[in-house]
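Step one of this worksheet: look at the structure below.
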Amino acid sequence: MDKVVLSKTPDYSEQTLYESVCRQFACLDYDFTKMKGKRVLIKPNLLMKRSPEQATTTHPGVIRAVIRRLNELGVEDIVVADSPGGLYNVGTLTGIYQVSGMMEAVEGMSAHLNYDVTNGTRQLQGYRRVSSFPLITPVLQADFVISVAKLKTHGMTMLSGGVKNLFGCVPGLMKPEFHCRFPKKEDFCEMLVDLCECVHPDLTLVDAVISMEGDGPSGGTPRHTGYLFGATNPYALDCVLAQFIGFEEDEIGTIRAAKKRGLCQGGDRISLCGDTGDFFPVKDFLHPHSKETDFSGNVPRLFQKPVAFLVGTVAKPRPVIRRSDCVGCGKCAESCPQHTIFVRQGKAHIQYGNCIRCFCCHEMCPVRAIDIKRFRLFDL
């Protein structure tokens with residue numbers, strides 16, 4: 001039976017986080033002594049240049065607490081690495097490390113930040129969609145991988161948790177290539193499960209002290225949820241996270257894909273450990289506007305085809321640029337896998353004919369000037 005550990009964590013104070021991480025390590029079925037003398041990668045979510053208070057990135061206090069505990073256990077060869085959205089170069093990494101607080105997270109610790117922007121390829125046996133992945137060098141060099149995600153909603157995958165966090169192992173602008181190859185959500189989520197199997201994290205923790213609800217992973221709203229989650233099985237962990245924020249497990253494409261492959265069973269086949277006494281789903285956690293609603297099966301058969309067409313075309317969620325707030329930086333165009341966005345006279349424009357609704361533009365807009373819009377009737 002898969003185990004998911006819950007640590008009640010009301011705030012980001014140093015002692016609270018340290019005690020929470022210690023409880024996680026004590027409850028998880030993992031021999032941390034195996035990491036001594038080995039190269040350990042800590043992979044946070046560093047999507048973009050955002051401060052910790054904006055809840056877009058993994059809080060640096062969580063990373064520091066993990067490093068502190070590992071150092072106490074004799075693990076000292078630790079690198080903190082991620083490939084953010086957009087360009088993957090030293091300048092981008094430096095800016096994100098500074099603003100996200102990661103520089104302070106490693107200060108005085110036996111750990112360092114990654115500035116190696118090279119990459120390589122790893123083959124995968126038993127794949128469903130992708131036989132090999134380009135991965136950043138720290139992933140390829142690591143003996144152990146600890147993924148430390150941020151709990152957020154997500155415009156395309158609905159949930160950004162343990163599995164989705166590993167998309168940051170793909171270097172820079174190679175990420176949009178995968179969106180282009182797999183424009184359908186189901187196929188994209190199958191690819192993410194292949195990626196998770198390829199990286200194969202040894203341990204996954206999720207920062208859900210302050211989570212992001214609504215139109216995540218960067219345009220939503222911070223919300224206090226007060227937990228740290230952990231597991232050795234990232235799929236089981238995502239099952240619990242989905243329930244925690246009010247999704248049915250099978251609403252999440254990566255969970256459906258993992259279940260089909262027998263990588264997790266979900267439901268009551270998952271053992272909850274740790275601070276489970278008053279654990280319950282978060283009330284009224286806002287889901288993304290991109291969450292699709294197909295009610296065509298509930299109308300008379302005569303109208304099912306036209307209603308299904310409406311749901312799949314006119315009513316389908318889409319990114320919309322608020323030009324009054326657009327600064328014309330071009331980040332949306334840079335991240336668009338279909339190259340459907342262009343900047344003209346200092347404002348971004350979307351050519352919807354080729355838009356695949358991946359919401360990369362919404363995700364990477366630094367000023368949050370792109371909304372996810374859907375048919376108003378669905379919001380009633």
Side-chain angles (χ1 to χ4, degrees), residues 7 9-25 32 35 39-117 136-139 142 144-152 160 165 168-169 201 203-212 217-218 222-230 366:
S7 298
T9 313
D11 57 62
Y12 286 118
S13 65
E14 184 174 353
Q15 188 61 25
T16 297
L17 289 172
Y18 172 71
E19 292 174 357
S20 186
V21 167
C22 286
R23 291 198 302 276
Q24 286 283 331
F25 280 25
F32 290 92
M35 295 186 182
R39 291 167 294 186
V40 176
L41 166 66
I42 296 178
K43 195 282 175 199
N45 184 322
L46 299 179
L47 175 64
M48 60 198 308
K49 193 187 292 185
R50 289 279 176 86
S51 67
E53 294 73 27
Q54 292 174 289
T56 304
T57 54
T58 305
H59 196 281
V62 178
I63 300 300
R64 188 171 179 84
V66 172
I67 296 171
R68 176 181 170 186
R69 186 58 186 146
L70 288 174
N71 286 171
E72 290 174 346
L73 293 170
V75 182
E76 297 184 339
D77 189 356
I78 302 170
V79 60
V80 178
D82 187 24
S83 172
L87 296 174
Y88 182 52
N89 55 38
V90 173
T92 299
L93 290 177
T94 301
I96 290 176
Y97 290 155
Q98 289 174 337
V99 175
S100 68
M102 288 299 144
M103 288 188 170
E104 290 80 4
V106 301
E107 187 176 355
M109 297 292 201
S110 293
H112 66 279
L113 300 173
N114 172 60
Y115 290 96
D116 181 348
V117 294
I136 60 176
T137 297
V139 174
F144 297 91
V145 176
I146 300 177
S147 174
V148 188
K150 183 75 171 179
L151 177 56
K152 300 182 287 184
S160 182
N165 189 49
C169 295
L203 172 65
T204 302
L205 301 177
V206 177
D207 167 14
V209 182
I210 303 292
S211 303
M212 179 176 281
S218 63
R223 178 163 177 182
H224 181 268
T225 46
Y227 278 91
L228 188 70
F229 293 85

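Excluded from the calculations below are hydrogen atoms, water molecules and symmetry mates; all remaining heavy atoms, backbone and side chain alike, are included. Source: prediction; values computed, not measured.
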- Would you say the side chain of Val117 lies within less than 4.5 Å of the side chain of Leu93, judging by non-hydrogen atoms? yes

- Message: Distance check, rounded to the nearest 0.5 Å: Thr57 atom OG1 versus Met48 atom CE?
- Response: 10.0 Å

- Smallest separation among heavy atoms of Cys169 and Val139, with atom names: SG-CG2, 3.7 Å

- Are Thr56 and Lys150 side-chain neighbours, meaning at least one heavy-atom pair lies under 4.5 Å? no

- Message: With a sphere of 6.0 Å drawn around CD of Glu14, does it hold more than 12 non-hydrogen atoms of other residues, nucleotides or ligands?
- Response: no

- Task: Could you grab the distance from atom SG of Cys22 to atom CD of Glu72, nearest 0.5 Å is fine?
- Result: 6.0 Å

- Item | side chain to side chain contact (heavy atoms under 4.5 Å, CB included) partner of Arg69, the single match among Ile67, Leu73, Val66, Asn71 | Leu73

- Side-chain donor or acceptor of Gln24 paired with backbone N/O of Leu228 under 3.5 Å: yes

- Message: Using side-chain contact (heavy atoms from CB on, under 4.5 Å), reason through Asn45 and Lys152 one step at a time and then give a plain yes or no.
- Response: CA-CA 11 Å; Asn45 184 322; Lys152 300 182 287 184; 3.4 Å; yes

- Report yes if the side chains of Tyr227 and Val206 come closer than 4.5 Å at any heavy-atom pair, otherwise no. no

- Query: Taking C-beta and beyond as the side chain, do Ser7 and Arg23 meet within less than 4.5 Å on heavy atoms?
  - Reply: yes

- Can any side-chain N or O of Arg64 pair as donor or acceptor with the backbone N or O of Ala105 at less than 3.5 Å? yes

- Query: How close do Thr16 and Asp11 get, heavy atom to heavy atom, and via which atoms?
  - Reply: OG1-OD1, 3.3 Å

- Item | Distance in Å, Tyr12 OH paired with Ile210 CD1, rounded so as to fall on 0.5 Å steps | 5.5 Å

- Kindly compute the distance separating OG1 (Thr225) from CG (Asp207), expressed to the nearest 0.5 Å. 8.0 Å

- Can you see which heavy atom on Thr9 is nearest to which on Ser20, and at what distance? OG1-OG, 2.7 Å

Sequence neighbours excluded and cut-off under 3.5 Å, please list the side-chain donor-acceptor pairs for residues 80-90, or say none.
{"residue": "Asp82", "atom": "OD1", "partner": "Lys43", "partner atom": "NZ", "Å": "2.8"}
{"residue": "Asp82", "atom": "OD2", "partner": "Leu46", "partner atom": "N", "Å": "2.7"}
{"residue": "Ser83", "atom": "OG", "partner": "Val170", "partner atom": "O", "Å": "3.3"}
{"residue": "Ser83", "atom": "OG", "partner": "Gly172", "partner atom": "N", "Å": "2.7"}
{"residue": "Ser83", "atom": "OG", "partner": "Lys175", "partner atom": "NZ", "Å": "3.0"}
{"residue": "Tyr88", "atom": "OH", "partner": "Asn114", "partner atom": "ND2", "Å": "3.2"}
{"residue": "Tyr88", "atom": "OH", "partner": "Asp116", "partner atom": "O", "Å": "3.1"}
{"residue": "Asn89", "atom": "OD1", "partner": "Gly91", "partner atom": "N", "Å": "3.3"}
{"residue": "Asn89", "atom": "OD1", "partner": "Thr92", "partner atom": "N", "Å": "2.7"}
{"residue": "Asn89", "atom": "OD1", "partner": "Thr92", "partner atom": "OG1", "Å": "2.8"}

- Distance col, row Leu151:CG vs Asn165:CG, nearest 0.5 angstrom, shows 11.5 Å

- Note on the structure: To the nearest 0.5 Å, atom CD of Gln54 lies from atom CG of Leu47 at 11.0 Å

- Item | Phe32 and Phe25 aromatic ring geometry - parallel, tilted or perpendicular at 30°/60° bounds | parallel

- Item | Ser13/Gln15 under side-chain hydrogen bond (donor to acceptor under 3.5 Å, both in side chains): CA gap, chis, key distance, verdict | CA-CA 6 Å; Ser13 65; Gln15 188 61 25; over 6 Å; no

- Please name the pair of heavy atoms, one in Pro52 and one in His59, separated by the smallest distance, quoted to 0.1 Å. CB-CD2, 3.7 Å

